Amino acid sequence: MSQIAENYLRIREEVRKACESGGFAPDHATLIAVSKTRTVEEILEAYEAGARDFGENKVQELLEKIPQLPADIRWHMIGHLQTNKVRKIVGKVALIHSVDTEHLAREISRISQEEGLVSDVLAEVNLGEEESKFGLTGEGAMAFARETALLPGIRLKGLMTVAPYVSDPEENRELFRKLRQISIDISSQNIDNSSGEKIRADILSMGMSGDYRVAAQEGAVYVRVGTGIFGERDYSKHGYNG
Ligand SMILES: *Cc1c(COP(=O)(O)O)cnc(C)c1O
């Protein structure tokens with residue numbers, strides 16, 4: 001078995017165990033293999049091991065990969081998305097994890113409507129202390145949910161966060177709990193969407209290579225793991241600068 005396949009299977013098992021130890025069903029969390037900078041061959045090794053959910057950060061890279069890989073892959077857009085690139089990915093990804101402004105939500109709504117479909121999205125929330133460039137604040141997430149709920153063509157399914165890099169993953173436990181609490185708060189508001197259904201923001205995308213176990217224990221529905229599966233990234237590929 002390839003190293004990538006071995007890593008994928010080991011981490012998937014660890015995630016199942018962590019879900020259980022957190023009091024959730026073992027399949028509560030889905031492992032997303034974060035494949036940015038990886039080759040088609042590397043991605044296929046994870047696919048052969050059973051991976052069907054893959055995460056990408058860049059629209060161009062995603063569009064190059066989709067036609068080269070099996071059609072039953074669910075692609076997740078997890079990187080910052082510019083409004084002028086929305087049209088390129090609407091209908092091609094299972095979930096957009098990184099919606100962090102109302103402006104972007106409106107654009108996804110507008111284009112999805114034009115294309116006659118509904119896009120599922122997560123609101124990216126930034127709970128880390130250090131200033132990251134992207135993400136709503138905890139309070140901003142509630143206002144965002146209310147605004148987005150009114151828009152046709154877009155369905156808010158939950159929240160995503162990129163936790164700070166820490167040497168001890170326990171340091172992020174509180175932050176994962178906070179994200180879960182915000183999602184519970186949003187769901188408990190009984191906000192109607194444009195079709196008159198109550199919105200539920202219970203899909204939590206949280207946890208990366210350093211802290212996926214803690215995130216799964218705290219109720220992650222998606223954990224996003226790149227390095228742990230594929231090894232260290234080489235950012236000289238696919239137009240990453242440094
Ligand atoms: C790159 C990336 C990941 C995966 O990070 P690793 O530390 O390699 O597991 C997860 N989420 C987002 C948003 C990313 O950009």
Side-chain angles (χ1 to χ4, degrees), residues 3-15 18 29-39 42-43 45-46 49 51-62 65 73-82 85 89 93-101 104 120-128 130-136 141 157-172 175-176 179 203-218 220-242:
Q3 189 62 57
I4 289 171
E6 228 170 76
N7 292 342
Y8 173 79
L9 291 172
R10 174 178 43 82
I11 292 172
R12 194 174 66 179
E13 196 47 38
E14 287 170 1
V15 169
T30 295
L31 172 59
I32 295 177
V34 175
S35 50
K36 63 187 182 211
T37 76
R38 311 300 175 175
T39 63
E42 289 171 304
I43 295 172
E45 288 181 22
R52 291 295 179 274
D53 290 83
F54 288 88
E56 288 284 340
N57 286 57
K58 287 184 183 284
V59 169
Q60 192 52 43
E61 187 176 347
L62 183 58
K65 284 174 179 172
I73 288 179
R74 289 176 293 272
W75 293 100
H76 296 259
M77 177 62 192
I78 62 172
H80 182 63
L81 179 58
Q82 289 166 284
K85 300 209 170 136
I89 64 157
V93 294
L95 187 61
I96 303 172
H97 292 232
S98 43
V99 182
D100 59 348
T101 63
L104 177 58
D120 287 338
V121 307
L122 304 180
E124 180 170 354
V125 182
N126 177 8
L127 298 170
E130 76 244 50
E131 62 292 339
S132 141
K133 283 176 286 182
F134 308 114
L136 299 150
K157 305 288 277 184
L159 308 175
M160 175 269 219
T161 199
V162 178
Y165 177 79
V166 287
S167 48
D168 176 6
E170 285 298 330
E171 288 175 49
N172 281 336
L175 187 148
F176 295 143
L179 192 73
I203 295 198
L204 297 178
S205 170
M206 59 189 193
M208 301 170 39
S209 287
D211 53 17
Y212 57 83
R213 289 183 204 79
V214 174
Q217 285 175 338
E218 295 301 331
V221 172
Y222 290 111
V223 294
R224 311 177 307 267
V225 178
T227 311
I229 296 172
F230 295 103
E232 291 300 324
R233 270 184 296 278
D234 176 358
Y235 281 106
S236 63
K237 290 178 190 160
H238 286 289
Y240 286 83
N241 321 296

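Atoms within each ligand, like the ligands themselves, are counted from 1 in listed order. It should be emphasised that the depicted structure is a prediction, and the values quoted were computed from it without experimental measurement.
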How far is [atom] from the closest protein heavy atom, and which atom is that?
| atom | value |
| --- | --- |
| atom 14 (C) of ligand 1 | Lys36 NZ, 2.9 Å |
| atom 5 (O) of ligand 1 | Met208 CE, 3.4 Å |
| atom 6 (P) of ligand 1 | Ser209 OG, 3.4 Å |
| atom 11 (N) of ligand 1 | Arg224 NE, 2.8 Å |

- Message: Using a 3.5 Å cut-off on N or O atoms only, is Gly226 in polar contact with ligand 1?
- Response: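 Yes; the residue has a nitrogen or oxygen that sits under 3.5 Å from a nitrogen or oxygen of the ligand.
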Shortest non-hydrogen contact between [X] and [Y], atoms and distance:
| X | Y | answer |
| --- | --- | --- |
| Asp211 | Ala163 | OD2-CB, 4.0 Å |
| Tyr222 | Asp53 | CE2-OD2, 4.3 Å |
| Leu127 | Thr161 | N-OG1, 4.0 Å |
| Asp100 | Leu104 | OD1-CD2, 4.0 Å |

- Please say whether more than 12 non-hydrogen atoms of neighbouring residues, nucleotides or ligands are located less than 6.0 Å from CD in Glu232.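 No.
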- Query: Taking the six-membered ring for Trp, are His80 and Phe134 parallel (under 30°), tilted (30 to 60°) or perpendicular (over 60°)?
  - Reply: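 Parallel.
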Atom indices of ligand 1 within 4.0 angstrom of [X] heavy atoms, with elements:
| X | value |
| --- | --- |
| Val225 | 9 (O) |
| Ile78 | 11 (N), 12 (C), 13 (C), 14 (C) |
| Asn57 | 14 (C), 15 (O) |

- Task: Applying salt bridge (charged side-chain N to carboxylate O under 4.0 Å, His left out), run through Glu6 and Arg10 and close with a yes or a no.
- Result: CA-CA 6 Å; Glu6 228 170 76; Arg10 174 178 43 82; over 6 Å; no
- Message: Assess, by modelled atom type and distance only, whether the side chains of Ser35 and Glu56 contain a donor and an acceptor separated by less than 3.5 Å.
- Response: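 A pair is found: one side chain offers a donor N or O, the other an acceptor, under 3.5 Å apart.
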- Query: Relative to ligand 1, is Thr227 under 4.0 angstrom through side chain, backbone, both or neither, heavy atoms considered?
  - Reply: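 For Thr227, backbone and side-chain atoms both sit under 4.0 Å from ligand 1.
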- Query: What part of His97, side chain from CB on, backbone N/CA/C/O, both or neither, has a heavy atom under 4.0 Å from ligand 1?
  - Reply: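 The answer is neither.
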- Query: Arg233 near ligand 1, heavy-atom distance under 4.0 Å?
  - Reply: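 Yes, that is the case, since the closest heavy atom of the residue is under 4.0 Å from the ligand.
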